[in-house]
J.: 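The structure follows.
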Amino acid sequence: MFEIPPDHPRAESLRIREKLIEGFEKGLVAKAGLIAHGRGEAFDYLIGEETTEPAMEAARAAAAAILLAKHPVISVNGNVAALVPKEIVELSEVTGAKIEVNLFYRTREREEAIKNVLKEAGAKEILGVGEAASATIPELSSWRRKVDPRGILVADVVLVPLEDGDRTEALRKMGKTVITIDLNPLSRTAQWANITIVDNVIRAVPNITEQAKKLKNLSEEKLKEILKSFDNRKNLRKMIEIIKNRLIELAEKGVYILEAAQLYEEMRKIE
Ligand code: PTJ
């Protein structure tokens, strides 16, 4: 892995990027996954690269939905396997949700590489690999239609991080509750899902696990109350507000421009 200087002002973001590049080199991540990550980075910049209050609210609702589910499934693609394999396994262990590999750019090699990474991270059972994905999601023409009859096909709640809109729509039409993690609050997936966590998967997956640990001992009734009080439309509006206010604040105060100007002044003094 390329060594990131620890004092680099964007060290954390560069470290995440390196994980993805490494995942690409290991055959986990699709070429388009690198492009998708760049889009995610841009939105992360806009939300301030930290978990916001609405994102934590959504993570709480997601944890409640997964705990209430009879057959919860976590769908894993290349980017998720490269960025948060251990965190996915921990979420699965805490909630009892199954893990299924489901790819847009499906190849047997990538399925196997992703399965191996998840196994190395401690997963005992991985669904959806090879012939195991023998069922089909109706109304879906992409490779994402191929699912495991023990997993996504019979799931009542599916967590689909970094998703494309088509499958979210198809899963909703099948009557499933769809939870997504997507940094873009305007994406079709974000708009179609029942619960959208507008946050980076790096932060969101551990947040769902943390919330699930807190909620685990609550009664079914209390969990249902949490779910009922969550409004995805409102939550998405709050996220768009956060981005709007952040941009207005930056435009008015010119935070970065001010920093650059100060630096320029310092340099002039040295000269
Ligand atoms: O591994 P595969 O074959 O299943 O392919 C996976 C990708 C991601 C290539 C595929 O699902 C795809 O093309 O997705 P999209 O349509 O590009 O959507 C990805 C969404 O995830 C975009 O809205 C991005 O803003 C968002 N995103 C990217 N990186 C992150 C993210 N959201 C949360 N955390 C991230 N790190």
Side-chain angles (χ1 to χ4, degrees), residues 12-52 54-55 58-59 62 74-85 87-88 99-115 117-118 126 128-129 133 137 140 142-147 152 158-171 178-193 195-208 236 239-240 243:
E12 182 54 21
S13 174
L14 293 179
R15 267 194 292 272
I16 301 174
R17 192 182 287 179
E18 280 305 311
K19 270 193 180 185
L20 211 79
I21 293 171
E22 200 186 21
F24 176 71
E25 284 164 356
K26 282 203 277 184
L28 305 171
V29 176
K31 274 187 201 158
L34 299 174
I35 299 168
H37 185 75
R39 197 155 63 246
E41 271 184 0
F43 279 100
D44 210 6
Y45 218 93
L46 294 179
I47 66 169
E49 295 174 312
E50 58 185 18
T51 298
T52 60
I74 306 167
S75 178
V76 175
N77 65 14
N79 290 46
V80 173
L83 293 178
V84 282
E87 293 81 351
I88 289 289
I99 301 175
E100 177 163 344
V101 176
N102 184 279
L103 306 179
F104 188 83
Y105 301 97
R106 195 178 186 102
T107 65
R108 188 62 195 255
E109 291 75 27
R110 285 188 62 223
E111 285 171 47
E112 292 290 343
I114 292 168
K115 178 179 150 186
V117 148
L118 292 167
I126 315 284
V129 176
I137 300 180
L140 203 55
S142 78
W143 280 113
R144 284 221 195 270
R145 71 183 182 276
K146 286 178 73 64
V147 293
I152 292 174
V158 196
L159 171 63
V160 289
L162 270 84
E163 181 63 18
D164 58 285
D166 280 11
R167 184 165 66 134
T168 310
E169 191 180 334
L171 292 173
V178 180
I179 304 166
T180 195
I181 301 168
D182 192 330
L183 278 159
N184 178 2
L186 308 171
S187 77
R188 286 186 61 239
T189 302
Q191 301 283 331
W192 263 100
I195 301 172
T196 306
I197 306 167
V198 182
D199 203 359
N200 199 316
V201 276
I202 295 264
R203 300 183 295 268
V205 175
N207 283 343
I208 307 173
L236 284 170
M239 285 308 306
I240 295 167
I243 293 174

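Numbering of ligands and ligand atoms starts at 1, following listing order.
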J.: Check side-chain contact (heavy atoms from CB on, under 4.5 Å) between Asp166 and all other residues, then give those that pass, not counting sequence neighbours.
T.: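 Residues passing side-chain contact (heavy atoms from CB on, under 4.5 Å) with Asp166: Leu140, Asp164, Arg188.
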
J.: Can you tell me which residue and heavy atom of the protein come closest to atom 32 (N) of ligand 1, and the distance to 0.1 Å?
T.: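 Going by distance alone, atom 32 (N) of ligand 1 is nearest to Leu183 N, 3.2 Å.
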
J.: Let me confirm one number: the CZ-CG distance from Arg17 to Leu34, rounded to the nearest 0.5 Å.
T.: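 That separation rounds to 10.5 Å.
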
J.: In ligand 1, which numbered atoms sit nearer than 4.0 Å to a non-hydrogen atom of Asn200?
T.: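 By the 4.0 Å cutoff, the relevant atoms are 33 (C), 34 (N), 35 (C), 36 (N).
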
J.: Going by the atom numbers of ligand 1, which of them fall below 4.0 Å from some non-hydrogen atom of Gly78?
T.: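 Heavy-atom distances to Gly78 below 4.0 Å select 1 (O).
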
J.: Shortest non-hydrogen contact from Gly33 to Leu20?
T.: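 So the minimum-distance heavy-atom pair works out to O-CD2, 3.8 Å.
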
J.: Within a distance under 4.0 Å of any heavy atom of Asp182, pick out the atoms of ligand 1 and give their elements.
T.: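 Every atom of ligand 1 under 4.0 Å from some heavy atom of Asp182: 20 (C), 21 (O), 22 (C), 23 (O), 24 (C), 25 (O), 26 (C), 32 (N).
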
J.: Sub-3.5 Å donor-acceptor pair from the side chain of Asp44 to the main-chain atoms of Gly40, do we have one?
T.: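 It does not hold such a pair.
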
J.: Any protein heavy atom under 4.0 Å from atom 7 (C) of ligand 1?
T.: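 When distances to the protein are checked, atom 7 (C) of ligand 1 has no heavy atom within 4.0 Å.
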
J.: Using a 3.5 Å cut-off on N or O atoms only, is Leu83 in polar contact with ligand 1?
T.: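 N/O-N/O distance under 3.5 Å: no.
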
J.: Between CD1 of Ile152 and CZ of Arg144, what distance do you get to the nearest 0.5 Å?
T.: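 Rounded to the nearest 0.5 Å, the CD1-CZ separation comes out at 8.5 Å.
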
J.: Using heavy-atom distances only, which candidate in Arg106, Arg39, Arg144, Glu41 approaches atom 16 (O) of ligand 1 most closely?
T.: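 Residue with the shortest heavy-atom distance to the ligand atom: Arg39.
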
J.: To the nearest 0.5 Å, tell me how far Thr196 OG1 sits from Gln191 CD.
T.: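 Interatomic distance, Thr196 OG1 to Gln191 CD, rounded to 0.5 Å: 7.5 Å.
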
J.: Applying side-chain hydrogen bond (donor to acceptor under 3.5 Å, both in side chains) between Asn102 and each of Arg167, Glu163, Arg145, report the one that passes.
T.: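 In the set Arg167, Glu163, Arg145, the residue that makes a side-chain hydrogen bond (donor to acceptor under 3.5 Å, both in side chains) with Asn102 is Arg167.
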
J.: For Glu25, what residues pass the side-chain contact (heavy atoms from CB on, under 4.5 Å) criterion, not counting sequence neighbours?
T.: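 With neighbours one apart ignored, the set is Ile21.
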
J.: Has ligand 1 got any nitrogen or oxygen that is less than 3.5 angstrom from a nitrogen or oxygen of Ser187?
T.: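 No, no N or O pair falls under 3.5 Å.
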
J.: Within ligand 1, which atoms have a heavy atom of Ala32 less than 4.0 Å away?
T.: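 Near Ala32, the atoms of ligand 1 are 9 (C).
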
J.: Show, in sequence, the C-alpha distance, side-chain angles and deciding distance for Lys115 and Glu111, and conclude whether the salt bridge (charged side-chain N to carboxylate O under 4.0 Å, His left out) test is met.
T.: CA-CA 6 Å; Lys115 178 179 150 186; Glu111 285 171 47; over 6 Å; no

J.: What residue and atom, counting heavy atoms only, is the protein's closest point to atom 34 (N) of ligand 1, and at what distance?
T.: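 Atom 34 (N) of ligand 1 sits closest to the protein heavy atom Val201 N, 3.0 Å.
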
J.: Please could you name the atoms of ligand 1 that Gly33 approaches to less than 4.0 Å, counting only its heavy atoms?
T.: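 Under 4.0 Å from Gly33, ligand 1 has these atoms: 9 (C).
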
J.: Measuring from Leu186:CG to Phe43:CZ, what's the distance to the nearest 0.5 Å?
T.: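 Interatomic distance, Leu186 CG to Phe43 CZ, rounded to 0.5 Å: 5.5 Å.
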
J.: Under 4.0 Å from atom 22 (C) of ligand 1, is there at least one protein heavy atom?
T.: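 Given the 4.0 Å cut-off, atom 22 (C) of ligand 1 counts as touching protein heavy atoms.
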
J.: If you take the nearest heavy atom of each of His37, Arg188, Lys19, Glu163, which one is closest to atom 14 (O) of ligand 1?
T.: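 Looking at heavy atoms only, the winner is Glu163.
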
J.: Does the side chain of Ile197 reach to within under 4.5 Å of the side chain of Ile208, using non-hydrogen atoms?
T.: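 A side-chain contact exists here, since the closest heavy-atom pair is under 4.5 Å.
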
J.: What's the separation between atom CG in Leu162 and atom CZ in Arg39, rounded to the nearest 0.5 Å?
T.: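 The distance works out to 9.0 Å.
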
J.: Show the atoms of ligand 1 that are less than 4.0 angstrom away from any heavy atom in Asp199.
T.: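 Close to Asp199: 33 (C), 34 (N).
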
J.: Starting from atom 1 (O) of ligand 1, locate the nearest protein heavy atom and write down its residue, its atom name and how far away it is, to 0.1 Å.
T.: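 Ranking protein heavy atoms by distance from atom 1 (O) of ligand 1, first comes Arg110 NH2, 2.7 Å.
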
J.: Using a strict cut-off of 4.0 Å, indicate which atoms of ligand 1 neighbour a heavy atom of Asn184.
T.: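 In order of numbering, the contacting atoms are 23 (O), 25 (O).
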
J.: Specify the protein heavy atom at minimum distance from atom 5 (O) of ligand 1: its residue, its atom name, and the distance to 0.1 Å.
T.: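 Protein heavy atom at minimum distance: Tyr105 CD1, 3.8 Å.
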
J.: Taking N or O atoms only and a 3.5 Å limit, does Phe104 qualify as a polar contact for ligand 1?
T.: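 There is such a contact, yes.
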
J.: Below 4.0 angstrom from a heavy atom of Ala36, which ligand 1 atoms are there? Numbered from 1 as shown, please.
T.: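 Result: 8 (C), 17 (O), 24 (C), 28 (C), 29 (N).
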
J.: Tell me, please: is Val29 in heavy-atom contact with ligand 1, that is, under 4.0 Å?
T.: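 Judged by the 4.0 Å heavy-atom criterion, Val29 does not count as contacting ligand 1.
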
